[in-house]
Undergrad: 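Please find one structure pasted underneath; my questions will follow.
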Amino acid sequence: MKGFILRLRRAKNEDLILTVLTEEKMADYYRFYGARHSILQLGYCIDFEEERDSGPFLPRLRRVSQIPFHWLYSRNRLMLWQRFVQLFEPHLRDTQTLERFYFDLLFEAARRWERQNPKRIVCETHYALLRHEGRLHPLDRCYICERPLEKEVALMQALIPAHPGCIYGSALPREKLETFFDTGKTTWLDDDEVERLYTVSMRGL
Ligand SMILES: [Zn+2]
């Protein structure tokens, strides 16, 4: 099966414990150190088999191969990717089975990562996730004081809108945010605005 490595912890003797998001679940796996094993890093998409005869211990990873993306060799793109995928583990923790949606969402993001601005992809992927989970707040009232929003809107974690004065946050033009919320595309936001939106998204899903 295929999966993204969302978390990677060292165990004894250079062994690893990996948290992997597959098409149907997020699970922990044990990976024994082997000199000839390929090196695994946070964020990699891998193809693997799971070995379940390990009794009370974690299932083991077998026959691991990496699904290659060109941008893995670009230090900056890889770093941005690793920061982004780390947000998924706390978000999906405590869920037993998952819809395929989450794997597909990350796979699509990874596919686009080479050619497009990664920060825009983060914003658009985060939006798609909130929309899918029914957590998008309409841009009409401030979450804090509940009064109508004006021309400038600040966003809290999970893109919850507020008055810039109510949360001391940097503001974005409401009209542009509405277009983003309608289309899921950042096309109408300039790079500076995307940077602000990205900062909010990276606070957590
Ligand atoms: Zn307010």
Side-chain angles (χ1 to χ4, degrees), residues 4-7 19 21 25-26 42-43 71 76-113 115-205:
F4 284 97
I5 302 173
L6 300 187
R7 192 171 176 215
T19 306
L21 171 70
K25 63 186 173 186
M26 185 175 77
L42 178 64
W71 51 261
N76 190 43
R77 278 185 197 259
L78 176 62
M79 190 189 66
L80 287 168
W81 178 256
Q82 289 180 329
R83 281 190 201 152
F84 178 50
V85 297
Q86 282 188 80
L87 301 177
F88 282 77
E89 193 273 332
H91 181 64
L92 300 176
R93 198 182 291 161
D94 305 326
T95 39
Q96 299 294 322
T97 53
L98 287 175
E99 296 162 83
R100 202 197 146 105
F101 170 81
Y102 296 95
F103 176 87
D104 288 346
L105 189 71
L106 269 186
F107 198 85
E108 178 61 15
R111 213 182 48 74
R112 293 168 61 196
W113 210 257
R115 281 169 291 122
Q116 296 172 30
N117 176 345
K119 292 186 177 179
R120 287 185 185 267
I121 302 172
V122 167
C123 297
E124 292 174 7
T125 305
H126 186 204
Y127 165 88
L129 180 141
L130 290 171
R131 190 186 168 97
H132 180 80
E133 294 179 348
R135 294 197 290 132
L136 268 184
H137 284 248
L139 293 168
D140 53 355
R141 286 184 182 275
C142 169
Y143 186 77
I144 304 294
C145 71
E146 298 184 345
R147 291 213 305 272
L149 291 166
E150 285 144 31
K151 278 192 169 162
E152 298 282 305
V153 176
L155 294 169
M156 302 158 62
Q157 187 170 333
L159 309 187
I160 297 171
H163 291 119
C166 283
I167 58 166
Y168 307 104
S170 59
L172 287 152
R174 179 170 162 192
E175 211 172 306
K176 285 190 167 188
L177 269 182
E178 268 165 359
T179 314
F180 172 57
F181 274 41
D182 286 344
T183 60
K185 301 278 172 218
T186 58
T187 321
W188 296 272
L189 299 172
D190 62 36
D191 284 348
D192 219 46
E193 290 158 347
V194 166
E195 187 71 39
R196 272 176 266 159
L197 196 56
Y198 170 78
T199 306
V200 174
S201 286
M202 291 304 292
R203 286 189 200 139
L205 302 176

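Given the structure is predicted, the values throughout are model-derived calculations rather than measurements. Order of listing sets the numbers, starting from 1, for every ligand and every atom in it.
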Undergrad: How about the Zn ion (ligand 1), which protein N, O or S atoms come within less than 2.8 Å?
TA: Cys142 SG, Cys145 SG, His163 ND1, Cys166 SG

Undergrad: Applying side chain to side chain donor-acceptor pair (under 3.5 Å), can you list everything that pairs with His137, at least two apart in sequence or on another chain?
TA: none

Undergrad: Roughly how far, to the nearest 0.5 Å, is the CG atom of Leu197 from the SG atom of Cys123?
TA: 4.0 Å

Undergrad: Using only atom types and a distance under 3.5 Å, with no angle test, would you say the side chain of Arg120 pairs donor to acceptor with the backbone of Val194?
TA: no

Undergrad: Between Tyr102 and Phe88 (judged by ring centroids, cut-off 6.0 Å), do the two rings come close enough to count as a pair?
TA: no

Undergrad: Is a side-chain donor or acceptor of Trp113 paired with a backbone partner of Arg77 at a separation under 3.5 angstrom?
TA: yes

Undergrad: Whether the side chain of Arg135 engages the backbone of Ala158 through a donor-acceptor N/O pair (distance < 3.5 Å, no angle test) should be reported.
TA: no

